[in-house]
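Just so it is clear: chains get the letters A, B, ... in the order the sequence lines come, proteins before strands, and each one is counted from 1.
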Amino acid sequence: MPEENYPSNFIRNIIRQDVADGKNAGQVVTRFPPEPNGFLHIGHAKAICLSFGMAEEFAGNTYLRFDDTNPIKEDAEFMHAIQRDIAWLGFEWLEIRHASDYFEQLYQFAEQFIEQGKAYVDSCSADEMRTNRGTLTKPGIDSPYRNRSVDENLTLFRQMRAGEFADGEHILRLKIDMAAANINMRDPAIYRIRHVTHHQTGDAWCIYPLYDYTHCISDALEGITHSLCDLSFEAHRPLYDWILDELKMSCHPQQIEFSRLNLQFTVMSKRKLKQLVEENLVDGWDDPRLPTIAGLRRKGYTPDSIRDFCRRIGVTKSDNNVELASLESCIRDALGDTAPRVMGVLDPIKIIIDNYPQGQVEMLDVANHPKNEAMGKRAIHFTRELYIDREDFRESANRKYKRLVAGGEVRLRYGYVIRANEVIKDADDNIVTVHCTYDDATLGKNPVDRKVKGVIHWVSADYAHAAEIRLYQPLFKVDFPDTAEEDYHELINSDALTIKQGFVEHSLSTASSEDRFQFEREGYFCLDSKDSSPDALVFNRIVGLRDTWAKIEKKA
RNA sequence: UGGGGUGUCGCCAAGCGGUAAGGCACAAGGUUUUGAUCCUUGCAUGCGCAGGUUCGAAUCCUGCCACCCCAGCCA
């Protein structure tokens with residue numbers, strides 16, 4: 001992906017200007033701060049490409065910082081998955097940090113706030129606090145505990161830390177302005193009591209700092225220059241700046257917000273993804289139907305294709321609803337030039353070539369790629385009995401249908417022209433076998449006396465391997481389930497996974513799960529990294545080929 | 001009805017006072033032993049709406065309208 005192809009965006013422009021102006025000594029330091037409470041998804045990929053990408057472009061660094069301030073929601077298991085996904089996307093962090101690394105410093109700063117009369121221990125209940133906060137249009141009112149003395153606050157806060165109170169009994173708040181138009185400035189809570197074990201700090205703490213307080217200080221301690229986050233934090237920026245200003249931190253990162261990605265036919269909220277996993281509506285966080293990075297990886301997407309997608313969608317502050325077609329275009333682009341071509345039949349019917357000698361096997365030397373000779377050749381088996389796809393045969397059809405029709409001819413890809421003579425059906429009227437004859441003068445050349453318009457793919461019935469082939473459709477039946485009226489459970493597409501029992505050409509028996517193939521005329525496929533084994537092949541369809549025929553058919 | 005944002009082609013998105021980039025999608029042709037790829041062409045007298053400033057406005061000003069975010073001891 002050549003750099004000059006990157007479209008500009010407003011954040012890149014800001015950073016470029018800062019660097020040109022010598023701000024922060026011309027350095028760029030960013031951070032990616034996931035909370036370890038779930039897997040990363042394609043929306044995070046956008047943020048990752050931005051934060052890591054900006055540091056990369058301006059020769060800076062990026063910290064991977066786990067935002068682990070809420071132990072009741074988080075789990076160390078997610079940290080490994082997150083690291084794997086970022087590394088897989090191809091980004092390198094300078095260092096891994098945890099917000100919890102700063103717990104002691106954060107605590108000391110809190111005492112400092114208390115000593116300056118800028119923080120106080122409130123002993124209201126959560127309900128009282130909510131009531132006193134006011135509403136969007138009504139100012140809040142001061143807590144009765146707002147004017148406790150510095151000494152009393154310090155004593156209480158130290159007792160909080162010492163574990164002398166139960167959860168919820170007290171809370172530490174910043175003393176800002178209960179009448180502020182921005183609700184986030186109405187004496188925000190910064191420390192709450194939680195008697196729970198933390199996955200990083202164990203039982204060292206029973207008070208935990210909140211996001212608004214933790215994030216800006218963590219950024220400053222790491223020397224972050226540009227703190228990029230999504231638009232939902234925009235209204236928190238005044239608080240971010242207030243805290244760092246009050247603390248007179250020598251480093252004051254610039255927070256810049258951008259809009260999050262909305263992608264068609266999926267959900268992007270961690271809460272919903274977590275539910276889908278926990279309610280077993282999908283097969284884990286890496287289910288190929290999910291928009292998680294792990295899911296896309298398992299489905300067969302390449303890191304490049306995802307980075308290309310993030311480049312194509314851009315970075316702005318406007319709401320966006322990106323079409324799935326845009327993502328699919330990226331993976332087709334990535335695989336078109338690189339994926340070796342092979343043949344596989346998803347829904348087989350048998351072809352018997354009656355005039356082809358019984359027991360004869362011809363090895364056909366075929367190119368692995370139609371344009372790239374460097375990708376070499378392989379041999380495929382041609383035999384008397386073959387499988388073709390059910391879609392590629394009709395007993396009767398109009399002229400537009402270019403495949404095998406009873407009484408008509410079609411080219412077998414890389415092989416001979418065959419003619420369909422007789423259709424054999426089972427008791428339920430399903431086509432089972434088609435008896436054909438072949439023209440032995442048509443290997444590698446066209447018949448001179450007639451035109452054969454169609455080409456279909458096939459595999460040898462004797463040499464092909466049976467394979468389970470998993471086809472994926474969008475997980476949701478509507479464009480944007482997140483904004484739909486109904487409960488999203490109602491909108492789940494029960495046909496999102498279709499399993500086919502098909503056959504793939506012999507050469508695929510040595511495929512590895514890293515390989516990606518184009519099954520000619522079908523789409524791009526790869527081995528399922530979890531469920532496939534050499535004696536029970538399982539393929540995932542990454543994406544279908546662009547299907548002009550389907551459009552023609554639909555119109556008719 | 002408080003505060004903060006956003007509105008440029010069906011979708012994404014450049015543009016930042018000099019007369020609407022690009023990608024996706026779509027459409028029409030060409031090449032093709034993948035109805036794929038590739039190639040060519042087309043696709044906003046118009047930039048949420050209405051006024052105004054200017055020789056000139058998507059870009060500046062004014063006023064509307066629509067949509068999004070914020071009232072967790074979540075992040």
Side-chain angles (χ1 to χ4, degrees), chain A residues 5 7-9 33-35 37 67 69-70 72-74 99 122 124-126 129-131 133-140 167-173 180-186 188-194 208 210-212 214-215 229-238 257 259 261 264 270-271 311-330 332-333 336-337 341 343 366 369-371 400-403 410-415 417 442 444-446 452-457 518-523 544-553:
Chain A
N5 284 351
S8 200
N9 66 62
E35 185 186 15
N37 67 344
D67 218 334
T69 57
N70 189 0
I72 60 175
K73 281 186 157 184
E74 296 151 8
D122 197 344
C124 285
S125 68
M129 253 183 80
R130 190 182 321 117
T131 307
R133 187 157 32 232
T135 68
L136 294 177
T137 51
K138 265 205 327 252
D167 290 8
E169 222 173 308
H170 303 287
I171 196 155
L172 186 71
R173 304 175 72 175
N182 182 343
I183 282 198
N184 300 120
M185 301 297 272
R186 316 236 262 233
I190 59 170
Y191 266 94
R192 77 292 224 189
I193 300 170
R194 288 268 185 281
Y208 293 97
L210 279 97
Y211 169 86
D212 280 315
T214 308
H215 201 82
C229 60
D230 79 69
L231 242 23
S232 60
F233 296 103
E234 202 162 28
H236 296 242
R237 178 156 29 91
E257 312 84 10
S259 56
L261 166 69
Q264 253 183 347
K270 244 192 217 174
R271 191 192 109 247
R311 181 184 65 75
R312 291 192 201 186
I313 59 175
V315 178
T316 67
K317 296 182 77 156
S318 34
D319 287 350
N320 58 85
N321 299 295
V322 177
E323 293 177 332
L324 223 208
S326 190
L327 213 212
E328 293 182 337
S329 164
C330 292
R332 288 196 191 103
D333 268 10
D337 289 338
R341 265 97 252 236
M343 291 199 284
V366 309
H369 192 102
K371 291 184 171 173
K400 281 189 175 167
Y401 186 81
K402 301 200 303 192
R403 310 174 188 185
V410 78
R411 157 84 58 191
L412 292 174
R413 176 77 164 151
Y414 303 119
V417 169
T442 55
K445 50 186 176 244
N446 285 320
V452 176
K453 51 186 174 180
V455 181
I456 63 172
H457 58 96
Q518 184 194 103
F519 287 8
E520 293 206 47
R521 301 208 316 125
E522 290 288 359
L545 255 28
R546 210 171 136 259
D547 193 354
T548 307
W549 169 243
K551 281 176 209 156
I552 296 169
E553 279 249 279

By nearest nucleotide on RNA chain B, pick out whichever of A/Gly444 and A/Glu35 is the more 5' one. A/Gly444

A/Leu136 side-chain proximity, nearest of B/C12, B/A71, B/C74: B/A71

For B/C73, which nucleotide is its Watson-Crick or G-U wobble mate, given both distances must be under 3.5 Å? none

Please work out if A/Ser259 contacts a base, only the sugar-phosphate, or nothing of the nucleic acid, heavy-atom cut-off 4.0 Å. nothing

Is there a side-chain contact between A/Leu545 and A/Gln518, using heavy atoms and a 4.5 Å cut-off? yes

Give the rounded distance in Å between these two atoms: CD1 of A/Ile190 and C1' of B/A75. 16 Å

B/C73 P sits how many Å from A/Arg130 CZ, rounded? 8 Å

Name the pairing partner of B/C64, where a pair is Watson-Crick or G-U wobble with both distances under 3.5 Å, or state none. B/G48

Checking all strands, does A/Arg133 fall into the base, sugar-phosphate, or nothing category for heavy-atom contacts under 4.0 angstrom? sugar-phosphate

With a 3.5 Å cut-off and no angle check, do the side chains of A/Arg411 and A/Asn446 form a donor-acceptor pair? yes

Select base, sugar-phosphate, or nothing to describe what A/Cys124 touches, counting heavy atoms under 4.0 Å on all strands. base

According to the Watson-Crick and G-U wobble definitions, with both distances under 3.5 Å, which nucleotide is paired to B/C24? B/G10

So, does A/Glu520 use its side chain to make a donor-acceptor pair with the main chain of A/Met343 at under 3.5 Å? no

Heavy atoms under 4.0 Å is the rule here; annotate nucleotides 35-42 of chain B 5' to 3' with B where the base is hit, S where only the sugar-phosphate is, and - elsewhere. BSBS----

Select base, sugar-phosphate, or nothing to describe what A/His236 touches, counting heavy atoms under 4.0 Å on all strands. base

Return the 5'-most residue of the pair A/Asn184, A/Pro33 with respect to RNA chain B, ranking by each residue's nearest nucleotide. A/Asn184

Taking the side chain as every heavy atom from C-beta outward, state whether A/Leu261 and A/Val322 have any pair of such atoms under 4.5 Å apart. yes

Using a strict 4.0 Å threshold on nitrogen-to-oxygen distance, state whether A/Arg546 and A/Glu328 make a salt bridge. no

Need one value for A/Val315: base, sugar-phosphate or nothing, where a base atom within 4.0 Å counts as base even if backbone is also close, heavy atoms only. sugar-phosphate

Reckon A/Arg186 has a side-chain N or O less than 4.0 Å from the OP1 or OP2 of B/G3? no

Mind checking if A/Ser125 touches a base, just sugar-phosphate, or nothing, with heavy atoms under 4.0 Å? base

Would you indicate what A/Ser329 reaches in the nucleic acid, counting non-hydrogen atoms under 4.0 angstrom: base, sugar-phosphate, or nothing? sugar-phosphate

Among B/C12, B/A71, B/G2, the one nearest A/Ala181 by side-chain distance: B/G2

Nucleotide B/G3, atom P - distance to CD1 of A/Ile183 in whole Å: 12 Å

Using the P atom on both, measure B/A20 against B/A57 and round to a whole Å. 12 Å

Which residue is it: A/Leu210, A/Asp167, A/Leu172? I am looking for the one with a side-chain contact (heavy atoms from CB on, under 4.5 Å) to A/Arg192. A/Leu210

Taking syn as within 90° of 0 and anti otherwise, name the glycosidic form of B/G42. anti

Nearest-angstrom distance, P atom, B/C9 to B/U45: 11 Å

Protein-nucleotides 4-6 of chain B N/O pairs closer than 3.5 Å?
none

Without swapping roles, check the side chain of A/Arg173 against the backbone of A/Pro188 for a donor-acceptor pair under 3.5 Å. no

If I take atom CD in residue A/Glu257 and atom C1' in nucleotide B/C68, what distance separates them, rounded to the nearest angstrom? 14 Å

With sequence neighbours excluded, tell me which residues meet side chain to side chain contact (heavy atoms under 4.5 Å, CB included) with A/Ser259. A/Lys46, A/Leu231, A/Thr316, A/Asn320

Expressed in whole Å, how much space separates the P atoms belonging to B/G22 and B/C43? 11 Å

For the pair made of NZ in A/Lys138 and C1' in B/G2, what is the distance, rounded to whole Å? 12 Å

Whole-Å distance, A/Leu324 CG to B/C12 P, equals 14 Å

Considering only atom P, compute the distance from B/A44 to B/G23 and round it to an integer number of Å. 15 Å

When the P atoms of B/A13 and B/C24 are considered, how many whole Å apart are they? 16 Å

Give one of base, sugar-phosphate or nothing for A/Ala325, where a contact means two heavy atoms less than 4.0 Å apart. sugar-phosphate

For A/Ser326 and B/C12, is the shortest distance between a side-chain N/O and OP1 or OP2 below 4.0 Å? no

Using a 4.0 Å heavy-atom cut-off, does A/Tyr191 contact any base of the nucleic acid, only the sugar-phosphate backbone, or nothing at all? nothing

Distance between C1' atoms of B/C49 and B/A58 (Å, rounded): 14 Å

Are A/Tyr208 and A/Thr69 close enough that some pair of their side-chain heavy atoms sits under 4.5 Å apart? no

With a 3.5 Å distance limit and no angle check, can you tell me whether A/Lys402 reaches the backbone of A/Val410 through a side-chain donor-acceptor pair? no

Could you identify the nucleotide paired to B/U59, looking across every strand shown and requiring Watson-Crick or G-U wobble geometry with both distances under 3.5 Å? none

Base, sugar-phosphate or nothing for A/Leu327? Non-hydrogen atoms, less than 4.0 Å. nothing

Please measure how far the C1' atom in B/G48 lies from the corresponding atom in B/U59, and state the result in whole Å. 15 Å

In whole angstrom, give me the gap between the C1' atoms of B/U54 and B/U62. 16 Å

A/Arg237 and A/Asn182, any side-chain heavy atoms less than 4.5 Å apart: no

Donor-acceptor contact below 3.5 Å, side chain A/Thr135 vs main chain A/Lys138: yes

Between CG of A/Asp230 and C1' of B/A75 the distance, given in whole Å, is 10 Å

Nearest whole angstrom, please: distance from the C1' of B/C70 to the OH of A/Tyr211. 14 Å

A/Asn37 and side-chain hydrogen bond (donor to acceptor under 3.5 Å, both in side chains): which single residue from A/Lys73, A/Glu74, A/Lys270 fits? A/Lys270

